[in-house]
K.L.:
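Could you have a look at this structure, given as structure tokens, before my questions?
The first residue in the sequence is number 1, and the count goes up from there. Keep in mind that this is a model prediction, so the values were computed, not measured.
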Amino acid sequence: MCRLLGVSKQAYYKHEDKLLHRLALESFVVDYVREVRRKDPGIGGGKLWQMYNRRFGTAWHVGFNRFYAIMERHGLKLRRRKRRAVTTDSRHGLPVYPNLVKALIPDAPCQLIVSDITYIVCWTDPLTGGIHVLLPFAHNRLLHKGNRGL
């Protein structure tokens, strides 16, 4: 069979040993990751790799990229959560006031002042994520009509 493949017996068995070693190492990494994730399900891949290297050293060494490839192949990577600004908390015990201007139709400028909050994502300080804008209602309507092309 080695003649058909064009390799020596030594090369064939050496390749087979490397393959078995690689599969055993992969299985070892998967078992370790599952064991750690049982204790701490939210731990990331980079920290897992550091913990793995600290615990096993050079005896069972796996490189960073290979470690990630093994985790991806076995579905062990965490899904990255999207970070979004929290804009409204409707689950509160504070009183909710009725809309007093629902039926009001302003017929002159500055009869009704409305406000709008525009959130700008700023992850350095989540408390400074909004800009408050106060506009007269008629001005606000003109701006929105102008933007829609009416």
Side-chain angles (χ1 to χ4, degrees), residues 1-102 112-137 139-150:
M1 185 159 144
C2 291
R3 285 185 193 158
L4 290 173
L5 296 174
V7 293
S8 66
K9 289 181 184 179
Q10 181 184 2
Y12 173 77
Y13 286 110
K14 189 175 182 181
H15 174 72
E16 188 175 288
D17 287 344
K18 279 186 179 180
L19 181 65
L20 288 174
H21 178 72
R22 197 175 313 138
L23 290 173
L25 191 59
E26 185 171 321
S27 174
F28 188 71
V29 167
V30 169
D31 290 342
Y32 176 75
V33 170
R34 286 189 177 142
E35 175 189 331
V36 172
R37 286 265 172 86
R38 222 176 292 122
K39 297 173 188 168
D40 186 5
I43 196 163
K47 193 159 193 166
L48 273 170
W49 181 72
Q50 289 174 354
M51 290 168 59
Y52 177 86
N53 281 334
R54 254 186 264 127
R55 184 165 176 192
F56 300 111
T58 56
W60 293 88
H61 179 72
V62 175
F64 184 77
N65 291 336
R66 183 143 173 250
F67 191 84
Y68 262 80
I70 291 170
M71 285 180 54
E72 189 170 14
R73 195 173 313 122
H74 291 275
L76 296 171
K77 286 177 71 176
L78 294 178
R79 296 181 98 189
R80 185 171 244 175
R81 284 182 254 144
K82 290 185 179 180
R83 295 176 59 177
R84 292 178 31 178
V86 178
T87 58
T88 306
D89 182 15
S90 299
R91 297 169 292 154
H92 55 75
L94 301 172
V96 179
Y97 296 98
N99 187 358
L100 299 175
V101 295
K102 193 173 191 177
L112 177 63
I113 301 290
V114 295
S115 67
D116 190 12
I117 299 174
T118 303
Y119 285 90
I120 298 173
V121 178
C122 180
W123 294 119
T124 57
D125 185 7
L127 296 177
T128 60
I131 297 175
H132 305 277
V133 180
L134 291 173
L135 295 172
F137 183 70
H139 183 68
N140 198 11
R141 284 182 59 189
L142 290 174
L143 282 177
H144 287 290
K145 281 185 179 182
N147 287 342
R148 279 192 255 143
L150 295 175

K.L.:
Within the 4.5 Å heavy-atom criterion, are Val29 and Glu26 side-chain neighbours or not?
P.N.:
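Of all side-chain heavy-atom pairs linking Glu26 with Val29, none is under 4.5 Å.
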K.L.:
Any side-chain heavy atom of Trp60 sitting closer than 4.5 Å to one from Arg55?
P.N.:
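Answer no - side chains too far apart.
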K.L.:
Would you say Val30 and Met71 make side-chain contact, with heavy atoms under 4.5 Å?
P.N.:
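No, every pair of side-chain atoms sits at 4.5 Å or beyond.
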K.L.:
Taking all non-hydrogen atoms of both residues, which atom of Val62 and which atom of Trp49 are closest, and how far apart?
P.N.:
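The answer is O-NE1, 2.9 Å.
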K.L.:
Run the side-chain donor-acceptor check on residues 33-45: report pairs under 3.5 Å with partners two or more places apart or on a different chain.
P.N.:
{"unit_1": "Arg37", "atom_1": "NE", "unit_2": "Ile43", "atom_2": "O", "d": "3.1"}
{"unit_1": "Arg37", "atom_1": "NH1", "unit_2": "Leu76", "atom_2": "O", "d": "2.4"}
{"unit_1": "Arg37", "atom_1": "NH2", "unit_2": "Ile43", "atom_2": "O", "d": "3.0"}
{"unit_1": "Arg37", "atom_1": "NH2", "unit_2": "Leu76", "atom_2": "O", "d": "3.4"}

K.L.:
Can you find a pair of side-chain heavy atoms, one from Lys77 and one from Tyr68, that are under 4.5 Å apart?
P.N.:
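In contact.
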K.L.:
What's the separation between atom CG in Asn53 and atom CG in Leu48, rounded to the nearest 0.5 Å?
P.N.:
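Nearest 0.5 Å value for the CG-CG distance: 11.0 Å.
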K.L.:
Would Phe56 and Phe28 satisfy side-chain contact (heavy atoms from CB on, under 4.5 Å), going step by step from the backbone distance to the final call?
P.N.:
CA-CA 11 Å; Phe56 300 111; Phe28 188 71; 3.4 Å; yes
K.L.:
Quick check for you: to the nearest 0.5 Å, what is the distance between Tyr32 atom OH and Phe67 atom CZ?
P.N.:
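Interatomic distance, Tyr32 OH to Phe67 CZ, rounded to 0.5 Å: 7.5 Å.
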